[in-house]
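Scope of the values below: all heavy atoms of this structure, side chains included, with no hydrogens, waters or symmetry mates. Order of the sequence lines fixes the chain letters, A, B, ..., with proteins taken first and strands second; residue numbering starts at 1 for each chain.
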Number of protein chains: 2
Amino acid sequence: MSPKITVELLRQLRQAMKNSKYIAEPIQAYIVPSGDAHQSEYISPCDCRREFICGFNGSAGIAIVTEQHAAMWTDGRYFLQASQQMDNNWTLMKMGLKETPSQEDWLIGILPENSRVGVDPWIIAADQWKNMFKALAGAGHSLVAVQDNLIDAIWDGRPHRPSTQLITLGLRYTGLTWQDKVTALRAKMSERKISWFVVTALDEIAWLFNLRGSDIEYNPVFFAYAIVGLSTLRLFVDQKRLADPAVREHLQLDTTSQPEMSIQAAPYESVYTELLAICAALGPKDKVWISDKASCALTQVIPKAHRTLIPYTPICLAKAVKNATEIEGMKMAHDVHFINLQIPKGMVTEISAADKAEEYRSQQKDFVGLSFPTISSVGPNGAIIHYRPLPETNRTLSLNELYLIDSGAQYMDGTTDVTRTVHFGTPSAFEKECFTSVLKGHIAVSAAVFPNGTKGHLLDSFARAALWDSGLDYLHGTGHGVGCFLNVHEGPCGISYKTFADEPLEAGMIVSDEPGYYEDGSFGIRIENVVLVVPTKTKHNYRNRGSLTFEPLTLVPIQLKMIDTDQLTKRESSRSSLSP
Amino acid sequence: MSPKITVELLRQLRQAMKNSKYIAEPIQAYIVPSGDAHQSEYISPCDCRREFICGFNGSAGIAIVTEQHAAMWTDGRYFLQASQQMDNNWTLMKMGLKETPSQEDWLIGILPENSRVGVDPWIIAADQWKNMFKALAGAGHSLVAVQDNLIDAIWDGRPHRPSTQLITLGLRYTGLTWQDKVTALRAKMSERKISWFVVTALDEIAWLFNLRGSDIEYNPVFFAYAIVGLSTLRLFVDQKRLADPAVREHLQLDTTSQPEMSIQAAPYESVYTELLAICAALGPKDKVWISDKASCALTQVIPKAHRTLIPYTPICLAKAVKNATEIEGMKMAHDVHFINLQIPKGMVTEISAADKAEEYRSQQKDFVGLSFPTISSVGPNGAIIHYRPLPETNRTLSLNELYLIDSGAQYMDGTTDVTRTVHFGTPSAFEKECFTSVLKGHIAVSAAVFPNGTKGHLLDSFARAALWDSGLDYLHGTGHGVGCFLNVHEGPCGISYKTFADEPLEAGMIVSDEPGYYEDGSFGIRIENVVLVVPTKTKHNYRNRGSLTFEPLTLVPIQLKMIDTDQLTKRESSRSSLSP
């Protein structure tokens with residue numbers, strides 16, 4: 001890995017920071033966040049601006065360029081990678097270390113008096129803007145919204161924003177027409193006295209309209225905004241995509257039987273002016289919903305008195321609870337046993353094994369693509385939690401080391417995500433001990449019975465108790481929400497020791513159950529199923545609350561030879577009976 | 001219970017609201033919160049202003065009186081009691097019900113334009129003030145600090161603020177001199193570049209100076225404020241208390257060998273003017289610590305640029321971790337077996353049993369008083385979680401019903417809190433089943449092994465898993481911090497599904513472990529021990545974090561006949577071996 005040479009790019013960016021073509025008055029610093037305008041976890045190449053300017057291509061990082069300095073903040077997962085990918089024009093700011101200044105403190109420390117700091121308001125969230133604005137203002141500086149993105153201005157050959165073909169999903173896959181979904185959404189809006197809802201998250205738009213795209217790798221979404229009124233419906237999307245007769249028919253663009261279901265289609269970029277126009281016509285009591293993670297640009301269009309920020313949108317909540325058709329689809333998608341428990345003939349590496357798994361999956365019915373980059377790791381590579389095999393790290397599967405594979409795919413009817421850890425030879429006693437403790441935690445979560453209304457974070461310790469007993473642990477959450485032919489990570493539910501952002505579990509929600517153990521330099525173990533929240537009958541029913549438990553959707557076997565059966569209780573043994 | 005007649009009181013209060021003796025311009029509403037100026041959980045009779053004005057004497061409630069209306073907000077525990085204690089001049093506002101307006105919304109709905117709403121700034125926390133201020137301002141009204149408390153103004157025969165004799169605690173009880181504690185506190189202040197710390201919580205002042213009082217029932221504290229500077233030390237307390245030679249000697253008031261340990265004593269009321277004077281002399285970089293729960297009056301004295309609000313003060317954190325002497329004292333205090341497992345001869349009632357328990361305790365060495373009102377409840381009364389026996393509810397102990405007693409005392413060397421549930425005849429299968437599930441939860445917490453740095457809320461579900469399995473639960477937290485000859489409820493640690501305000505558990509912290517089950521109209525079960533957080537050795541030691549577990553301090557036996565041993569695992573049986 002050699003660093004990206006950024007001398008010339010930084011020179012051009014610093015010129016742009018003074019160029020009246022982009023901004024009336026020069027700015028003394030420019031912030032380059034790493035996201036897109038839709039709070040996406042994965043982003044499209046055209047949005048990889050922070051990578052373009054500094055060379056670092058990890059998933060998290062913020063770059064700031066001043067007239068004299070250039071610095072990039074990232075967290076512990078990426079210290080090594082960032083230091084290898086950035087040249088010495090850049091200072092690596094190691095987040096989480098005591099001596100590392102915050103972006104605000106660093107700026108305040110080096111900026112001349114009364115400086116102007118610029119940022120693209122489309123890729124900074126409203127609350128981040130607010131915090132930065134306050135901190136800078138307190139030190140006499142100002143934060144300035146630069147409408148033209150200055151990275152785009154200097155980026156020769158920047159990829160176009162993708163505009164892939166849209167896939168229409170019929171009732172067979174969705175269980176509900178988009179009109180049904182709009183009607184239910186409007187009912188929620190009326191109930192809360194909300195006149196407009198600005199939809200900014202790509203998976204929410206895809207879910208609402210029963211459409212999918214492939215604008216972003218692994219996530220079957222497409223670039224769009226939507227604004228839902230009580231009797232109008234606006235979709236902002238590249239107009240070329242709407243030429244497709246199947247899409248026109250699906251969205252009923254040429255039929256106007258129900259005026260309140262008639263979609264006004266407009267170009268992607270026109271969301272701003274349209275929202276401005278809507279806000280100019282608001283009545284005194286009109287309220288507008290927007291996600292509290294939406295961009296500063298769109299959020300600030302809505303006058304404060306009319307703006308209602310919500311942590312979880314009603315679409316996010318509705319999408320999380322799968323209907324019968326979606327559950328059926330998720331079960332179909334999981335009806336696959338792709339892991340070979342014998343070591344394959346010939347030389348097999350992490351990369352070739354991952355390719356083989358993908359090839360196998362791609363032959364399944366309704367396969368669309370992977371749902372995330374496959375983690376295929378041998379021995380010590382397994383201890384790197386977010387490992388992805390590269391030619392320079394690629395190890396060969398052997399009889400001596402543990403093999404961990406975490407892989408998932410998108411199918412027309414559902415999304416999968418499964419991790420198994422296997423040994424092709426004879427595992428050590430310590431490997432078996434750790435594996436069995438992880439399995440006990442996995443079973444403890446899957447078998448948990450808990451009252452309706454319980455939040456996922458209350459189940460997290462069940463996954464850790466067996467590990468804690470012997471002084472072990474893992475430094476990640478236990479589970480995340482899983483979309484249905486949508487993003488493999490979705491809110492608003494999950495199972496984690498972190499308690500933010502965690503709505504109560506409900507029957508129909510789908511989450512992963514994936515405790516692990518990682519021995520640095522030796523091996524990694526993770527056992528992951530996707531599980532469905534289902535109602536369950538209990539002997540009693542305190543306050544008529546009703547109880548829930550989980551039903552595993554994943555059908556891949558767990559390797560028996562990894563289990564130290566003496567560690568298991570009878571009840572645990574019966575729960576792991578899926579394993580051949 | 002007959003309601004308090006408040007016609008005349010309300011007339012007087014409404015006059016006071018227009019009386020220029022108290023306030024320059026009339027106010028249209030007056031808020032009466034229920035606390036004292038120190039965020040105390042229990043309050044002194046002189047601070048029971050909300051009870052005085054409306055008659056309702058529960059622990060939580062806020063009254064608001066306008067020119068035409070009077071309303072009182074309380075939560076579900078108190079709906080019945082409040083409706084019985086208040087006359088029809090008052091509207092009961094049932095918090096938690098959808099149709100109940102917030103105080104802000106109610107005020108905004110009924111106030112004339114540009115109204116002025118008054119409140120005593122000493123008994124409203126700064127953040128509550130801020131929220132109310134904003135909400136009212138948004139509707140064109142203003143919130144006004146009324147320095148003279150208007151309830152006190154109309155309260156004939158209001159009890160005096162107590163000024164009980166102070167008890168000095170030597171090293172034998174505290175393990176650290178107050179000078180040691182001040183030195184450690186100043187070190188923390190220097191480390192965080194803090195010049196002053198305004199101490200407002202009564203138990204923090206008592207702990208810091210190794211003094212105790214009896215100004216508030218059950219809590220061995222005394223009314224005071226302290227302001228700790230890096231080289232000065234101010235104690236604001238009724239000066240009469242300092243006439244006692246033992247106290248003078250303890251505080252070294254007449255010896256000035258160490259100037260930075262010389263205490264400047266001043267009257268309780270002078271804290272305001274002294275803090276004003278200190279703040280007037282602050283340097284540009286001086287920072288002042290104050291609890292984020294402190295009164296609006298004191299908080300707002302500190303200019304915003306110098307104010308550092310803290311959720312947990314360094315005293316709160318230091319006090320929670322008991323030293324070896326305190327731990328020894330807590331063990332001594334718990335060395336008592338007060339529960340009789342046979343039904344006593346003659347007629348015994350909830351009240352006489354509670355009295356008997358107190359009498360027994362009072363004969364123990366170093367007994368000072370109870371640490372909370374004893375909960376002594378038979379049969380259905382046991383299902384009322386915060387039950388306190390009264391002549392009109394008093395039931396007789398019998399061979400047919402469960403008996404629950406939750407009692408605790410203050411000793412010079414420690415504070416106790418224990419709950420046991422017993423049956424003097426033959427418990428039903430359901431009672432045994434519930435009891436055993438509660439016991440399993442109790443043991444699961446006590447026996448839990450968890451890494452250093454774990455927060456208590458991560459252990460809460462361990463206490464519930466057995467109950468959840470059969471569809472049962474309890475609607476309270478599992479444990480609270482316990483003071484050492486101090487408040488029986490203290491922060492900053494605890495074990496609860498609620499995750500606010502919960503610092504990581506550390507060796508030396510002391511908490512309760514008290515799951516329960518309550519069958520409305522039939523019985524209540526709770527099993528409570530006080531447990532000490534202790535380091536433990538585990539087979540492995542992931543990332544050298546070290547592990548913790550609990551050591552029970554409570555030695556009271558658990559009744560064997562209540563246990564369905566078939567429900568217990570071998571491991572659980574061995575942990576419940578304390579029970580004879």
Enquirer: Would you say the side-chain atoms of B:S461 pair up with the backbone N or O of A:L459, donor to acceptor, closer than 3.5 Å?
Expert: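 No; judged by distance alone, with no hydrogens or angles, the pair does not exist.
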
Enquirer: So what's closer than 4.5 Å to chain A heavy atoms on B:T454: side chain, backbone, both or neither?
Expert: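 Only the side chain of B:T454 comes within 4.5 Å of chain A.
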
Enquirer: Whether A:R543 and B:D520 form a salt bridge (side-chain N of Lys/Arg under 4.0 Å from carboxylate O of Asp/Glu) is what I want to check.
Expert: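 Result for this pair is yes, salt bridge flagged.
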
Enquirer: Within a 6.0 Å radius of atom NZ on A:K188, are there more than 12 heavy atoms belonging to other residues, nucleotides or ligands?
Expert: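 Atom NZ in A:K188 is not crowded, with 12 or fewer foreign heavy atoms closer than 6.0 Å.
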
Enquirer: Sub-3.5 Å donor-acceptor pair from the side chain of A:S470 to the main-chain atoms of B:H540, do we have one?
Expert: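 Checking the backbone N and O of B:H540 against the side chain of A:S470, no donor-acceptor pair under 3.5 Å is found.
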
Enquirer: Say you draw a straight line from CH2 of A:W468 to CG of B:L458; how long is it, rounded to the nearest 0.5 Å?
Expert: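 Reported value, rounded in 0.5 Å steps: 5.5 Å.
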
Enquirer: Would you indicate whether B:R77, at its atom CZ, is surrounded by more than 12 heavy atoms from other residues, nucleotides or ligands within a distance under 6.0 Å?
Expert: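 Yes - once you tally the heavy atoms of other residues, nucleotides and ligands closer than 6.0 Å, there are more than 12.
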
Enquirer: More than 12 foreign heavy atoms under 6.0 Å from NZ of A:K455: is that the case here?
Expert: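 Counting other residues, nucleotides and ligands, NZ of A:K455 exceeds 12 neighbours.
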
Enquirer: According to the interplanar angle, ranging from 0 to 90°, do the rings of A:F462 and B:F462 count as parallel (below 30°), tilted (30 to 60°) or perpendicular (above 60°)?
Expert: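 Plane angle between 30° and 60°, so tilted.
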
Enquirer: What's the separation between atom OG1 in A:T569 and atom NZ in B:K570, rounded to the nearest 0.5 Å?
Expert: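 Reported to 0.5 Å precision, the distance equals 12.5 Å.
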
Enquirer: Please classify the contact between A:D469 and chain B as side chain, backbone, both or neither, with a heavy-atom cut-off of under 4.5 Å.
Expert: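 Answer is both: backbone and side chain atoms of A:D469 are under 4.5 Å from chain B.
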
Enquirer: Establish, yes or no, whether a centroid distance under 6.0 Å links the rings of B:Y474 and A:Y542.
Expert: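 Judged by ring-centre distance (under 6.0 Å), B:Y474 and A:Y542 do not meet the cut-off.
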
Enquirer: What residue, out of B:K537, B:R545, B:H457, has the most heavy-atom pairs lying under 4.5 Å from chain A?
Expert: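 The option with the most such pairs is B:R545.
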
Enquirer: Measuring heavy-atom distances to chain A, does B:E433 have an atom under 4.5 Å in its side chain, in its backbone, in both, or in neither?
Expert: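 For B:E433, the side chain is the part near chain A, not the backbone.
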
Enquirer: Taking atom CD as the centre, does A:E191 end up with more than 12 heavy-atom neighbours from other residues, nucleotides or ligands that are less than 6.0 angstrom away?
Expert: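 Atom CD in A:E191 is packed in, count exceeds 12.
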
Enquirer: Of the backbone (N, CA, C, O) and the side chain (C-beta and beyond), which part of B:N541 lies under 4.5 Å from a heavy atom of chain A, both, or neither?
Expert: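 It is the backbone, since no side chain atom gets that close.
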
Enquirer: Using non-hydrogen atoms and a 4.5 Å limit, figure out which bit of B:R464 sits close to chain A: side chain, backbone, both or neither.
Expert: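 No part of it gets close to chain A.
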
Enquirer: I'd like to know which of A:S547, A:A465, A:P451 tops the heavy-atom pair count under 4.5 Å against chain B.
Expert: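 Greatest number of close heavy-atom pairs with chain B: A:P451.
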
